[in-house]
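Side chains are part of it too, since the values below use all heavy atoms of this structure and drop only hydrogens, waters and symmetry mates. Letters go in sequence order (proteins before strands), and every chain restarts at 1.
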2 protein chains.
Amino acid sequence: MSKYEKSCLIRGDGGRAIRGILDRIGDKWSLLIVATLDDSPLRFSQLQTRVTGISQRMLTRTLRNLERDGLVSRTAYAEVPPRVEYELTATGRTLIGPAVTLAEWAVDYNPEIEEHQAAYDARPDRPGRRVTPRDGAL
Amino acid sequence: MSKYEKSCLIRGDGGRAIRGILDRIGDKWSLLIVATLDDSPLRFSQLQTRVTGISQRMLTRTLRNLERDGLVSRTAYAEVPPRVEYELTATGRTLIGPAVTLAEWAVDYNPEIEEHQAAYDARPDRPGRRVTPRDGAL
DNA sequence: CGGGATCCAATTCGATACTG
DNA sequence: CAGTATCGAATTGGATCCCG
C-alpha cells in the first residue's frame with residue numbers, strides 16, 4: 001500500500017471512516033469493555049467489577065451503544081434475581097485485532113510521548129504560554 | 001498471542017495504554033491531521049483547506065497537542081508574510097500503521113454496523129425506549 | 001498568514017437516588 | 001441484580017474578533 005493510498009484510506013470520504021469508528025469507540029469506556037468481554041461473556045455486575053472506575057450509568061450507556069452497533073449481544077434470563085449476560089458478537093471480536101494494534105503502539109510509544117510532553121511543557125517559549133493556566137495546557 | 005494476553009495488553013494498567021492513546025488521538029481531528037500530513041509537510045492554511053470542516057481554532061489546538069506529544073513538528077520561517085510548516089515526526093509516522101489498521105476495520109464493518117443500528121432503532125422493544133427522545137438515542 | 005482571546009452551545013461523564 | 005431518572009460539573013467544539 002502506497003503512502004497516498006494509506007492517507008486516502010484514513011481520510012476517506014472527508015474522514016468518514018475514521019470519524020465513524022472514533023464516534024463509536026473513541027469514548028472513555030467502549031474499547032475497555034470490548035477488551036474485557038474478549039476473555040469471556042460477563043454479567044453486568046462482573047463487568048462493573050472488572051472495568052475499574054466505571055459508573056453504573058456509563059456502563060449501561062456504553063453497553064447499549066455497543067449493542068446497538070452489533071458489537072455486543074445482550075441476553076436477559078428470566079430468573080430471580082435477574083441475570084443479564086453480555087458477550088462479544090462475531091463482529092465485535094473483529095475489533096480486537098485493530099484494538100490490539102493500537103494498544104501495542106500505545107505501549108511502545110507512550111513513554112517517549114510522555115517525555116516529549118514534559119519537555120514541551122518545560123519550554124519557557126512554547127506557544128500560548130501564559131501566567132495563568134488555561135484549557136488543557138497543564 | 002493468546003486471547004488473554006490481548007485483553008491484558010488493551011486493558012493494561014487499568015486501561016492506561018488505551019486511555020492514553022484515546023485521550024491523544026480519540027478526538028475529532030487528530031487522526032485526520034496526522035493522515036493528511038502523511039502525504040507531505042503542509043502549511044497551516046494548506047491544512048485548513050485539506051482537512052474539511054475544521055475551524056481555525058481547532059486546527060491550532062489540535063496541532064499544538066500533536067506537537068506537544070512529539071507527533072508533529074512545527075517550523076516557523078522568519079519571512080513576510082509568515083510561513084509555518086507542519087510535518088510528521090518519526091514518532092508521528094509510526095502512528096500511521098495502527099491508524100490504517102483501524103481505518104480498514106472501519107471501512108470493512110461500517111456498512112454492517114450501520115445496518116445493525118438501523119435495525120436496533122426500529123425495534124419497538126429496545127431498552128430505554130420512550131415517547132420523548134433523550135440523550136443520544138436518536 | 002498564522003494564530004491568540006473570548007464567549008457560547010453541545011456533549012460527556014460522574015454522583016446520587018430510585019425501581020422492577 | 002440490573003438497570004432508569006435527574007442533576008450538575010467538566011470537557012469539547014465552533015464562531016467571532018483581534019493582533020503581530
Atom CG of Asp27(A) and atom P of dG13(D) are separated, to the nearest Å, by 13 Å

Within the pair Arg74(B) and dG3(C), is there a side-chain N or O less than 4.0 Å away from OP1 or OP2?
yes

Quick test of your reading of the model: are Arg68(A) and Glu115(B) salt-bridged, counting only N-O distances below 4.0 Å? no

Pro81(B) has its side chain closest, among dC1(D), dC1(C), dC13(C), to dC1(C)

Atom CZ of Arg61(B) and atom P of dT16(D) are separated, to the nearest Å, by 19 Å

### Task
Determine, for Asp39(B) against Arg11(A), whether the closest basic-nitrogen to carboxylate-oxygen distance falls under 4.0 angstrom.
yes

note: Glu67(A), atom CD; dA2(D), atom P; distance rounded to Å ~ 14 Å

Rounded to whole Å, the CZ-P distance (Arg64(A) to dT12(C)) equals 17 Å

Problem set entry | Presence of salt bridge, Glu85(A) and Arg83(A), under 4.0 angstrom | yes

Item to complete: Please tell me if the side chains of Leu71(A) and Ile113(B) come closer than 4.5 Å, counting only heavy atoms from C-beta onward.
Response: yes

key: Phosphate OP1/OP2 of dG14(C): any Lys28(A) side-chain N/O under 4.0 Å   = yes

| message | Do Arg19(A) and Trp29(B) form a cation-pi contact, if we require the NZ or CZ to be under 6.0 Å from the six-membered ring centre and within 45 degrees of the ring's axis? | response | yes

Testing dC1(D), dG2(C), dG14(C) for proximity to the side chain of Ser55(A), the answer is dG14(C)

Separation of dC1(D) atom C1' from Gln46(A) atom CD, nearest Å, is 12 Å

Rounded to whole Å, CG of Leu59(B) lies from P of dA15(D) at a distance of 14 Å

Among the nucleotides dG4(C), dC13(C), dA2(D), whichever has the atom closest to the side chain of Trp29(A) is dC13(C)

Rounded to whole Å, CD of Glu85(B) lies from P of dG2(C) at a distance of 9 Å

Check this for me: does the side-chain of Arg57(B) come within 3.5 Å of the base of dG4(C) through a donor and an acceptor?
no

Residue pair Pro82(A)/Ile54(A) against DNA chain C: nearer the 5' end by closest nucleotide is Ile54(A)

- Message: Would you say Tyr86(B) places a side-chain N or O within less than 4.0 Å of OP1 or OP2 belonging to dG3(C)?
- Response: yes

Rounded to whole Å, CE of Met58(A) lies from P of dT16(C) at a distance of 17 Å

